[in-house]
Amino acid sequence: MTGRPQGLEWLNELSEQDAEQELMSCCGSKAWAAAVAAARPFEDEAALTRAADSAFSDLGWRGVEEALAHHPRIGDRPKGVDRPSAWSRAEQSGVIDSDGEVAGALHEGNLAYERRFGRVFLICATGLPAEELLSALRERLGNDDATERGIVRAELLKITHLRLTKLLERP
């Protein structure tokens, strides 16, 4: 043991500003990060999840778009050394081994999605092979904007939950 606080204890002990910065790596919305940081201290992980979900449900579309700006296209490899870039690379590991045809189709599908909806295609890619991501992308291209916004919110929340868990497991 290093003697450093771990998990929730660590998050609870951070300054407001530091907590917001750490939480931004889980969901790139400043309003969300500020709301979750302000809800500290958390008694347990369930309390953190409740606060995260409450802040997320209060998040308007502009906040969702702000968070989306922190996500790369599916199939693009973030080159940064920051935590969110490393997490994105791990989350998209199913795309790494995809053949050139699938990778090319994902790239073209991303461009078509962006033309249609004006935003990056977002999906919780953890554990999904490239072919499944491509299938979901193609299917979602047929959605209307309202339906797609609902799916984007749900996928962003899944990613946020996964990243909160990772944040508490920090080295």
Side-chain angles (χ1 to χ4, degrees), residues 5-95 110 113-114 117-129 132-133 136-137 140 143 145-171:
Q6 297 294 312
L8 278 175
E9 181 184 0
W10 163 77
L11 184 60
N12 285 337
E13 290 180 2
L14 292 174
S15 70
E16 193 89 5
Q17 182 178 359
D18 288 345
E20 287 179 23
Q21 187 64 38
E22 293 292 341
L23 289 162
M24 283 287 293
S25 66
C26 300
C27 178
S29 162
K30 291 176 185 167
W32 178 88
V36 176
R40 296 171 309 136
F42 301 113
E43 181 179 307
D44 53 28
E45 289 185 34
L48 169 60
T49 299
R50 284 191 303 276
D53 290 352
S54 176
F56 196 86
S57 70
D58 291 342
L59 199 61
W61 186 250
R62 187 171 285 166
V64 171
E65 288 177 321
E66 179 186 17
L68 290 176
H70 293 268
H71 288 271
R73 286 180 179 148
I74 292 293
D76 285 0
R77 302 277 298 157
K79 295 176 183 18
V81 295
D82 61 325
R83 183 184 301 137
S85 295
W87 285 349
S88 265
R89 284 189 294 273
E91 291 160 0
Q92 292 193 42
S93 63
V95 179
N110 279 319
Y113 185 94
E114 290 168 21
F117 296 108
R119 60 186 167 265
V120 69
F121 170 71
L122 186 77
I123 188 169
C124 183
T126 301
L128 299 178
E132 199 169 323
L133 297 171
L137 172 64
R140 286 173 52 189
N143 290 338
D145 192 55
T147 300
E148 192 55 26
R149 281 183 181 212
I151 294 169
V152 167
R153 287 184 71 89
E155 294 297 315
L156 182 59
L157 186 57
K158 286 184 210 174
I159 294 165
T160 299
H161 283 166
L162 288 171
R163 289 182 174 191
L164 279 170
T165 299
K166 291 175 188 176
L167 181 68
L168 296 181
E169 294 170 350
R170 72 180 185 80

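Numbers here are sequence positions counted from 1.
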**OP:** Can you sort out the partners of Glu132 under side chain to side chain contact (heavy atoms under 4.5 Å, CB included), two or more places apart, ordered by chain and number?
**Re:**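 Residues passing side chain to side chain contact (heavy atoms under 4.5 Å, CB included) with Glu132: Leu128, Pro129.
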How many angstroms lie between atom [atom1] of [X] and atom [atom2] of [Y], to the nearest 0.5 angstrom?
X      : Y      : atom1 : atom2 : result
Leu162 : Leu167 : CG    : CG    : 12.5 Å
Ser57  : Arg153 : OG    : CZ    : 7.5 Å
Cys26  : Ile159 : SG    : CD1   : 11.5 Å
Glu114 : Phe121 : CD    : CZ    : 11.0 Å
Leu23  : Trp32  : CG    : CH2   : 5.0 Å
Ser25  : Arg163 : OG    : CZ    : 7.5 Å

**OP:** Not counting sequence neighbours, which residues clear salt bridge (Lys or Arg N to Asp or Glu O under 4.0 Å) with Asp58? List them please.
**Re:**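 Applying salt bridge (Lys or Arg N to Asp or Glu O under 4.0 Å) to Asp58 gives none.
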Subject >> N-O pairing of Arg62 and Glu65 below 4.0 Å >> reply: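 Glu65 and Arg62: not salt-bridged.
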**OP:** Please determine if Glu13 and Arg40 form a salt bridge, counting it only when a charged side-chain N lies under 4.0 Å from a carboxylate O.
**Re:**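 Looking at Glu13 and Arg40, the cut-off is not met.
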Shortest non-hydrogen separation from [X] to [Y] and the atoms involved:
X      : Y      : value
Val120 : Leu68  : CG1-O, 3.8 Å
Arg140 : Leu122 : NH1-O, 2.8 Å
Ala37  : Glu20  : CB-CG, 3.6 Å
Asn110 : Ile74  : ND2-O, 2.7 Å
Val152 : Trp61  : CG1-CH2, 4.0 Å
Gly28  : Glu66  : O-CG, 3.3 Å

Would you call [X] and [Y] a side-chain contact if the rule is heavy atoms closer than 4.5 Å?
X      : Y      : value
Ile151 : Ile123 : no
Thr160 : Leu156 : yes
Leu14  : Gln21  : no

Side-chain donor-acceptor pairs under 3.5 Å in residues 45-54, sequence neighbours left out?
from	atom 1	to	atom 2	distance (Å)
Thr49	OG1	Glu45	O	3.1
Asp53	OD1	His161	NE2	2.5

**OP:** Could I get the full list of ring pair (Phe, Tyr, Trp, His ring centres under 6.0 Å) partners for Phe117, not counting sequence neighbours?
**Re:**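 Tyr113.
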**OP:** Name all residues meeting the side-chain hydrogen bond (donor to acceptor under 3.5 Å, both in side chains) criterion together with Arg119; count only those two or more places apart in sequence or in a different chain, and write none if there are none.
**Re:**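 Arg119 satisfies side-chain hydrogen bond (donor to acceptor under 3.5 Å, both in side chains) with Asp145 once adjacent residues are dropped.
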Subject >> Residues forming a side-chain hydrogen bond (donor to acceptor under 3.5 Å, both in side chains) with Ser15, sequence neighbours excluded >> reply: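 Testing Ser15 for side-chain hydrogen bond (donor to acceptor under 3.5 Å, both in side chains), a comparison that skips the adjacent residues, returns Asp18.
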